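Structure record follows, encoded as structure tokens.
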Amino acid sequence: MDAYQVLVAVAALIIAYGLVSGSRAGRYITAPMVFTVAGAGLATFGFGGNGGVAQNEIVNEAMRLLAEFGLAILLFTDAARINPSHLRKNDLLPTRMLLAGLPGTALLGFAIALLLFPDAQWWALGLIALILAPTDAALAQSAIANPKMPERISQTLNVESGLNDGLVLPPILIVLGIAAGHGNESGIAATVAAHLILGPLAGIVIGYGGGWLVRRAVHAREMTPLFQRLSAPALAIIAYAGAEAISGNGFIAAFVAGGMLPLTLHRYNPAQRLEDFAEAEASILTSALFFLFGALILPLGAPLWDMAALLYAILSLTVIRMLPVALSLAGAGLSTATTGLLAWFGPRGIASVLYLLIVIQSLGGETPDRIVSVVSLTVLISIFVHGISAAPLAALYLRHARGGKQNG
């Protein structure tokens, strides 16, 4: 499957799904489900190769660039859309979930992986736990975007999913550097240090400088709304490329650059343009990535699935996610229903897929089968379970909340 076929297929699916997206069926059949199944279907019927896709085909130039630039844009827009004030109010719920729930999820995931996969290398289990730690709010949009959902809940989930992608990236890079085994320990440490210093530095310079230029152009009425929207993906790619050019990490740079924009665009129209981009053009990108997940990753992972992978996937979406989040929210004054809702909506999506592609690209044919099998199966189950449950669970929660107020 080449880039041309992917583009045409995604465009056709966008139109087809768009025609029913606002119907009752669209509340339960989400876009990620449709694009994943369509990609898997095309792969099954021969468009993706002979019964699957070899690892070296996954990282051909077109798909490599789509994955890398897609993750850079995702990290950039996630960081740019976060209002820092939301990290300081609402009982610090996002901060609790990010600083306690996220590390707890990764550590518990690693511990359970050690029990279920005793023969695997420790770094492979570490990568599994880290790759599956970040969440994707897009898979539960019918709940989060529900206008009746309290802003406190929807904003907490949006902030968490927006920031956890970037927070798990440095440890993934560290473990991946150890796994790749390039050079001695001091060489690995130097490379990681360069990534963590030069990457953020490039992000600060490009994000702040680019935001200042956009703000100045908008203030002088010299930049059209169209190019205000396009400034988001453009700056993300520039930050990524700039960091790579100085041996920094492009993904960290893109995330930091996005975080710089609210400092320069506060109260200016470009901030809204970024929202517009996230709701429109970014949807095309994520749709293409879910399509590639179905077409490329599922054929690679499906033959490797076993009962151990299924058990870990189920635990990852329940105990591994929900227990640390519940503990992180203890003492916040939340009802059991609210804590349960926040803990349950931890779907695994685009970030996990893209991190898996980065691992495959870095390790090539030496990528452990266990990583591919567990991550692909967990994301697939999450796409359907969280997508189907979002609307009814949101409705159940709102009825429970109204009942509690009436009884109170």
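Note that the structure is predicted; figures quoted are calculated from it, not measured. When reading the values below, keep in mind they use all heavy atoms of this one structure, side chains included, and skip hydrogens, waters and symmetry mates.
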Answer whether the closest heavy-atom distance between the side chains of [X] and [Y] falls below 4.5 Å.
X	Y	value
Phe76	Ile237	no
Leu334	Arg152	yes
Ile197	Leu201	no
Ile297	Val379	no
Ile388	Met33	yes
Ser362	Ile358	yes
Phe290	Thr30	no
Val374	Leu132	yes

Do [X] side-chain atoms and [Y] backbone N/O form a donor-acceptor pair below 3.5 Å?
X	Y	result
Thr36	Pro32	yes
Ser382	Thr378	no
Glu244	Gly250	yes
Arg96	Ala330	yes
Trp123	Ala179	no
Thr135	Pro347	no
Arg348	Gly346	yes
Ser23	Val20	yes

What's the separation between atom [atom1] in [X] and atom [atom2] in [Y], rounded to the nearest 0.5 Å?
X	Y	atom1	atom2	value
Ile172	Asp165	CD1	CG	9.5 Å
Leu310	Leu377	CG	CG	6.0 Å
Phe117	Ile371	CZ	CD1	11.0 Å
Leu342	Thr156	CG	OG1	6.0 Å
Leu357	Ile350	CG	CD1	9.5 Å
Leu98	Leu92	CG	CG	11.0 Å

If you compare all heavy atoms of [X] against all heavy atoms of [Y], which two are closest, and at what distance to 0.1 Å?
X	Y	value
Leu363	Pro368	CD1-CD, 4.2 Å
Val325	Ala343	CG1-CA, 3.8 Å
Ala38	Leu13	CB-CD1, 3.4 Å
Ser376	Gly301	OG-CA, 3.7 Å
Ile320	Leu108	CA-CD2, 3.7 Å
Ser328	Met97	OG-CA, 4.0 Å

**Report entry** Test log, rule side chain to side chain contact (heavy atoms under 4.5 Å, CB included), inputs Tyr397 and Leu393
**Finding:** CA-CA 6 Å; Tyr397 172 78; Leu393 283 182; over 6 Å; no
**Report entry** side chain to side chain contact (heavy atoms under 4.5 Å, CB included) assessment of Met322 paired with Thr339
**Finding:** CA-CA 9 Å; Met322 299 180 73; Thr339 299; over 6 Å; no
Requested in this report: Identify, with sequence neighbours excluded, every residue that meets side-chain hydrogen bond (donor to acceptor under 3.5 Å, both in side chains) alongside Tyr17.
Outcome: none
Requested in this report: Can you establish whether the number of heavy atoms outside Ile204 located under 6.0 Å from its atom CD1 is more than 12?
Outcome: yes
**Report entry** Tyr208 atom OH: more than 12 heavy-atom contacts under 6.0 Å
**Finding:** no
Query - Close aromatic pair by centroid cut-off 6.0 Å: Tyr240 and Phe251 - result: yes
**Report entry** Flag for Thr338-Ser335: side-chain donor and acceptor within less than 3.5 Å
**Finding:** yes
Report task. For the residue pair Asp136 and Ser161, confirm or rule out a side-chain donor-acceptor distance under 3.5 Å. Result -> no
Requested in this report: Using a strict cut-off of less than 4.0 Å between a Lys/Arg side-chain nitrogen and an Asp/Glu carboxylate oxygen, indicate whether Arg215 and Glu222 qualify as a salt bridge.
Outcome: no
Query raised in the report: Would Leu102 and Leu163 count as a side chain to side chain contact (heavy atoms under 4.5 Å, CB included) if you check the C-alpha gap in whole Å, the side-chain angles of each, and the deciding distance to 0.1 Å?
Result: CA-CA 10 Å; Leu102 180 62; Leu163 291 178; over 6 Å; no
Query raised in the report: Under the side chain to side chain contact (heavy atoms under 4.5 Å, CB included) criterion, do Thr286 and Phe291 qualify, and how do the steps go?
Result: CA-CA 8 Å; Thr286 56; Phe291 184 86; over 6 Å; no
Query raised in the report: Which pairs with one or both residues in residues 325-382 pass ring pair (Phe, Tyr, Trp, His ring centres under 6.0 Å), sequence neighbours excluded?
Result: Trp344-His386
Query raised in the report: Of all residues at least two apart in sequence or in a different chain, which pass the salt bridge (charged side-chain N to carboxylate O under 4.0 Å, His left out) check with Arg370?
Result: Asp306
